[in-house]
Structures are given as structure tokens and as C-alpha cells.
Amino acid sequence: MNKLVFATNNPHKLSEVRAILEPLFKIVSLADLNCNEEIPETAETLDGNALLKARYIHDKFGLDCFADDTGLEVEALGGEPGVYSARYAGEENDAKKNMSKVLRLLGNNTNRKACFRTVITLIQGKEVSFFEGRIDGEIALHPGGESGFGYDPIFIPKDYDLSFAQLDIDKKNQISHRALAVKKLAEYLLHKS
């Protein structure tokens with residue numbers, strides 16, 4: 001079975017990706033490699049951060065790998081939080097504080113349009129490839145649901161009445177931004193092999 005390193009320490013992302021890619025590919029986590037350091041995310045774009053993370057792991061371990069970066073982009077906030085989604089309310093990466101900040105800044109604004117974007121960078125040998133997934137939706141007035149992570153309780157995908165955190169995990173894994181990007185990655189890998 002083909003092995004690929006997923007350059008993340010986020011258990012939620014890891015389980016979402018494994019649910020989509022395994023058993024076609026054996027997904028190796030950073031924990032499996034005993035790599036617990038924080039990989040710098042200093043780029044100004046999602047694809048820039050995904051590339052930084054993938055290159056860091058590829059250079060350090062010499063293994064084919066992929067990394068992602070995801071951002072919530074809220075139209076009325078000029079595309080924020082975007083690349084700063086994880087630390088929007090501070091360096092401690094607190095999901096509740098991040099959601100509260102988005103809801104506070106939006107206030108009663110009737111334009112609640114938003115999208116989630118995920119960019120995946122795959123490095124195999126010297127070859128670098130990018131895959132993007134995007135889902136449009138809107139920001140809820142209040143958080144709803146207990147599952148998921150990050151901004152899931154306040155993001156309602158287009159054509160749905162429930163937030164990502166209220167959707168069944170299998171349904172979320174079919175329609176989410178990350179799922180769309182991972183499916184593109186999977187199609188590419190299958191086509192190559």
C-alpha cells in the first residue's frame with residue numbers, strides 16, 4: 001500500500017483525511033514520525049502555508065507528503081479571517097474565541113456570505129502539486145452543534161439548514177472544503193499510480 005505523510009498534528013483533520021483516503025493509501029501522521037514541533041505558517045496565502053508545511057516535512061524526513069491550510073473567508077469582513085483563521089482572536093488558537101470574534105464583528109450585518117477554502121500541497125520527489133476545495137455558505141447568527149471543530153458551529157453550507165457541526169460526519173466528509181480538496185488529491189494519486 002502506498003504511504004503518504006500528512007503534515008498535520010491536528011487529530012480532527014487527520015481523521016477526516018483518513019476517512020477519505022484510506023484504505024487506498026496508508027496515511028502517516030506527524031505523531032507516527034515522532035514529529036511534534038510546530039511547523040511555521042508565515043506565508044500570506046493558504047497555498048503558501050501549505051507549501052511551507054509540506055516542504056518542511058519533505059526536507060526533514062525525505063518522505064513524500066502533503067499538507068493543507070484552510071481559511072474561512074467572510075465577505076462582509078473583507079475576506080477575513082482567511083489565512084489567519086486559526087489564530088484570529090489570538091495566538092492560543094482558541095476556536096470559541098475565534099468564532100466569537102467573527103460573530104461580534106459581523107454583528108447584525110445581513111450579508112453573512114462566507115466560504116471555506118482548503119489548499120493541499122503534495123510533494124512527491126521533486127514534483128509539487130496543489131489541490132483546492134471550496135464550499136460556499138453563510139455565517140449563522142449563533143453557534144450550533146457539538147461535532148466538528150474550528151468554525152464548524154457557525155458555518156452553514158449552501159443548500160443546507162444545519163451548520164457543519166450539526167451535520168452527520170459522513171455527510172460533512174462528502175461536501176466539505178477539505179473533502180473536495182482531498183478527493184482531487186486522491187484522483188490525482190490514483191491516476192498517477
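Residue numbers start at 1 and run along the sequence shown.
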same_hphob_cluster(V17, Y188) at 4.5 Å side-chain heavy-atom cutoff: yes
Closest non-hydrogen atom pair, A67 against A54: CB-N, 3.6 Å
Short side-chain to backbone donor-acceptor contact, N9 and E38, under 3.5 Å: no
Minimal non-hydrogen separation, A86 against N98, with atom names: O-ND2, 2.9 Å
Pair D47-T45, side-chain donor/acceptor within less than 3.5 Å: yes
same_hphob_cluster(L51, V5) at 4.5 Å side-chain heavy-atom cutoff: no
Parallel, tilted or perpendicular, as decided by the 30° and 60° cut-offs, for the rings of F164 and F155: tilted
Sidechain-backbone polar pair: K101 side chain, Y88 backbone, donor-acceptor under 3.5 Å: yes
Straight-line distance of R134 CZ to L180 CG, nearest 0.5 Å: 11.5 Å
Check: N49 side chain, L46 main-chain N or O, donor-acceptor pair, under 3.5 Å: no
Shared hydrophobic cluster, V128 / F66 (ILVMFWY, side-chain heavy atoms < 4.5 Å): no
Least distance between heavy atoms, I27 atom then L14 atom: CG2-CD1, 4.1 Å
Intermediate values then yes/no, side-chain contact (heavy atoms from CB on, under 4.5 Å), I57 and L63: CA-CA 7 Å; I57 295 303; L63 299 170; 5.8 Å; no
E146 CD: over 12 foreign heavy atoms closer than 6.0 Å: no
Backbone N/O of R117 and side chain of E73: donor-acceptor pair under 3.5 Å: no
salt_bridge(K184, E132) N-O dist < 4.0 Å: no
Carboxylate-amine/guanidinium proximity below 4.0 Å for D32 and R18: yes
From CA spacing to verdict: side-chain contact (heavy atoms from CB on, under 4.5 Å), L122, L4: CA-CA 9 Å; L122 169 70; L4 268 179; 4.0 Å; yes
Whether K53 side chain and D68 backbone form a donor-acceptor pair below 3.5 Å: yes
Atom CG of D59 with >12 non-hydrogen neighbours under 6.0 angstrom: yes
ILVMFWY cluster, L106 and L72 together (side-chain gap under 4.5 Å): yes
Check: K183 side chain, Q174 main-chain N or O, donor-acceptor pair, under 3.5 Å: yes
Interatomic distance, E16 atom CD to N173 atom CG [nearest 0.5 angstrom]: 5.0 Å
Trace of the side-chain contact (heavy atoms from CB on, under 4.5 Å) decision for E127 with K192: CA-CA 12 Å; E127 196 174 322; K192 266 190 88 175; 3.5 Å; yes
V83-L105 co-clustered via ILVMFWY side chain contacts under 4.5 Å: no
Donor-acceptor contact present, side-chain D136 to main-chain C115, <3.5 Å: no
Interatomic distance, T121 atom OG1 to L185 atom CG [nearest 0.5 angstrom]: 10.5 Å
Closest heavy-atom pair and its distance - I20, A179: CD1-CA, 3.6 Å
Other residues, nucleotides, ligands: >12 heavy atoms within 6.0 Å of K96 NZ: no
Closest non-hydrogen atom pair, A50 against V119: CB-O, 3.6 Å
Nearest non-hydrogen partners of G144 and S163, listed with the distance: O-OG, 2.6 Å
Backbone of A140 reached by a side-chain donor or acceptor of R112 within 3.5 Å: yes
Verdict with supporting geometry, L189 and Q124, side-chain contact (heavy atoms from CB on, under 4.5 Å): CA-CA 10 Å; L189 291 168; Q124 289 182 297; 3.6 Å; yes
Sidechain-backbone polar pair: H58 side chain, G125 backbone, donor-acceptor under 3.5 Å: yes
